[in-house]
A.B. asks: 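A single structure is presented below for examination.
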Amino acid sequence: MKIGVLALQGDFREHMAAIKSAGHAALSVRRVEELDEVDALILPGGESTTIAKLARSFGVFEPIKERITSGMPVYGSCAGMILLADKLANPAPDQETFGGIDMVVRRNAFGRQIDSFESKIQFAGDTLEAVFIRAPWVDSLGAEVEVLSTVVLPDGGSYPVAVKQGNLLATSFHPELTSDLRVHTYFFEQICKSHIK
Ligand code: GLN
């Protein structure tokens with residue numbers, strides 16, 4: 001499998017390293033010819049507004065949307081989750097997303113007090129240490145979206161932080177910033193293998 005990482009801004013290098021550690025080919029994607037080469041794509045953590053604007057100016061915004069619609073496996077972490085949301089609860093002015101997952105995502109959702117933290121969470125039946133940095137969460141989701149992880153706050157509120165819909169996977173946290181490859185492996189084994197055409 002050739003796994004691309006959208007390499008316009010953010011922690012794309014860490015995702016490339018994780019892909020290689022998991023034994024797959026990692027390609028950076030900035031241009032449409034590079035997008036055409038890959039079987040699957042990872043949208044990194046970073047700043048979702050900047051990534052979307054750069055995707056427009058590099059001419060890959062619409063081509064990525066089209067590949068998402070046509071079934072290419074895509075995994076987005078943090079800013080990448082925001083970019084996969086059909087709708088944002090609190091978009092920046094004119095903020096665009098690729099969409100694909102039927103959910104409303106709230107950016108910078110955890111608030112200033114706890115804007116960066118680590119927490120043990122359940123992910124698809126496994127316990128892992130998750131790194132959250134000015135992370136989003138899912139405010140609401142459609143019937144076709146499967147929740148893989150939830151965070152429960154001290155006030156009792158509980159919010160999805162990892163979701164899957166068909167060919168798409170999104171996490172609020174950053175597995176690329178740890179040496180734990182389980183989320184990447186889940187993407188390769190549970191999504192890429194069945195969705196790469
Ligand atoms: N808050 C960022 C955004 O809106 C996401 C943060 C991250 O990727 N660590 O894009």
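Both ligands and their constituent atoms are indexed starting at 1 by order of listing.
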A.B. asks: Taking the inter-plane angle between the rings of Tyr75 and Phe187 on a 0 to 90° scale, is it parallel (under 30°), tilted (30 to 60°) or perpendicular (over 60°)?
C.D. replies: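 It falls in the tilted class, 30° to 60°.
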A.B. asks: Using atom types as modelled and distance alone, determine if a side-chain donor or acceptor of Ser149 lies under 3.5 Å from a backbone N or O of Gln122.
C.D. replies: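 Such a contact is found between Ser149 side chain and Gln122 backbone.
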A.B. asks: Using a strict cut-off of 4.0 Å, indicate which atoms of ligand 1 neighbour a heavy atom of Arg134.
C.D. replies: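 Matching atoms, with element in brackets: 1 (N), 5 (C), 6 (C).
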A.B. asks: Atoms of ligand 1 less than 4.0 Å from Ser48 heavy atoms?
C.D. replies: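 Selected atoms, number and element: 3 (C), 4 (O), 10 (O).
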A.B. asks: Using a 3.5 Å cut-off on N or O atoms only, is Cys78 in polar contact with ligand 1?
C.D. replies: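 No: no nitrogen or oxygen of Cys78 is under 3.5 Å from one in ligand 1.
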A.B. asks: Which residue supplies the protein heavy atom nearest to atom 2 (C) of ligand 1, what is that atom called, and how far is it?
C.D. replies: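 Nearest neighbour among protein heavy atoms for atom 2 (C) of ligand 1, to 0.1 Å: Gly46 O, 3.6 Å.
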A.B. asks: Heavy-atom contacts under 4.0 Å between Ile82 and ligand 1: side chain, backbone, both, or neither?
C.D. replies: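 For Ile82, only side-chain atoms sit under 4.0 Å from ligand 1.
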A.B. asks: Would you mind running through ligand 1 and noting each atom that sits below 4.0 Å from a heavy atom of Gly45?
C.D. replies: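 Answer for ligand 1: 8 (O).
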A.B. asks: Between the side chain of Ser172 and the main-chain N/O of Pro136, is any donor-acceptor distance below 3.5 Å?
C.D. replies: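 Confirmed, Ser172 side chain pairs with Pro136 backbone.
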A.B. asks: What orientation do Phe98 and Phe61 show, parallel under 30°, tilted 30 to 60°, or perpendicular over 60°?
C.D. replies: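 Aromatic pair Phe98/Phe61 classed tilted.
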A.B. asks: In the protein, which heavy atom is nearest to atom 1 (N) of ligand 1, and how far is it?
C.D. replies: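 Residue, atom and distance for the closest contact: Asn108 OD1, 2.6 Å.
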A.B. asks: Side chain or backbone, does Thr49 bring an N or O within less than 3.5 Å of an N or O on ligand 1?
C.D. replies: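 No; the residue has no nitrogen or oxygen that sits under 3.5 Å from a nitrogen or oxygen of the ligand.
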A.B. asks: Side-chain heavy atoms nearer than 4.5 Å, only ILVMFWY residues, links allowed to pass through others: does that put Tyr159 and Val105 together?
C.D. replies: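 Cluster IDs for Tyr159 and Val105 differ.
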A.B. asks: Which of the numbered atoms in ligand 1 are below 4.0 angstrom from a heavy atom of Arg107?
C.D. replies: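 The atoms of ligand 1 under 4.0 Å from a heavy atom of Arg107 are 3 (C), 4 (O).
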A.B. asks: Please test Ser77 against His15 for side chain to side chain donor-acceptor pair (under 3.5 Å), starting from the C-alpha separation and ending with a verdict.
C.D. replies: CA-CA 10 Å; Ser77 68; His15 275 294; 3.0 Å; yes
A.B. asks: Strictly distance-based, threshold 3.5 Å: is any side-chain N or O of Glu118 a donor or acceptor partner for the main-chain N or O of Glu129?
C.D. replies: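 Flag not set: sc Glu118 to bb Glu129 has no pair under 3.5 Å.
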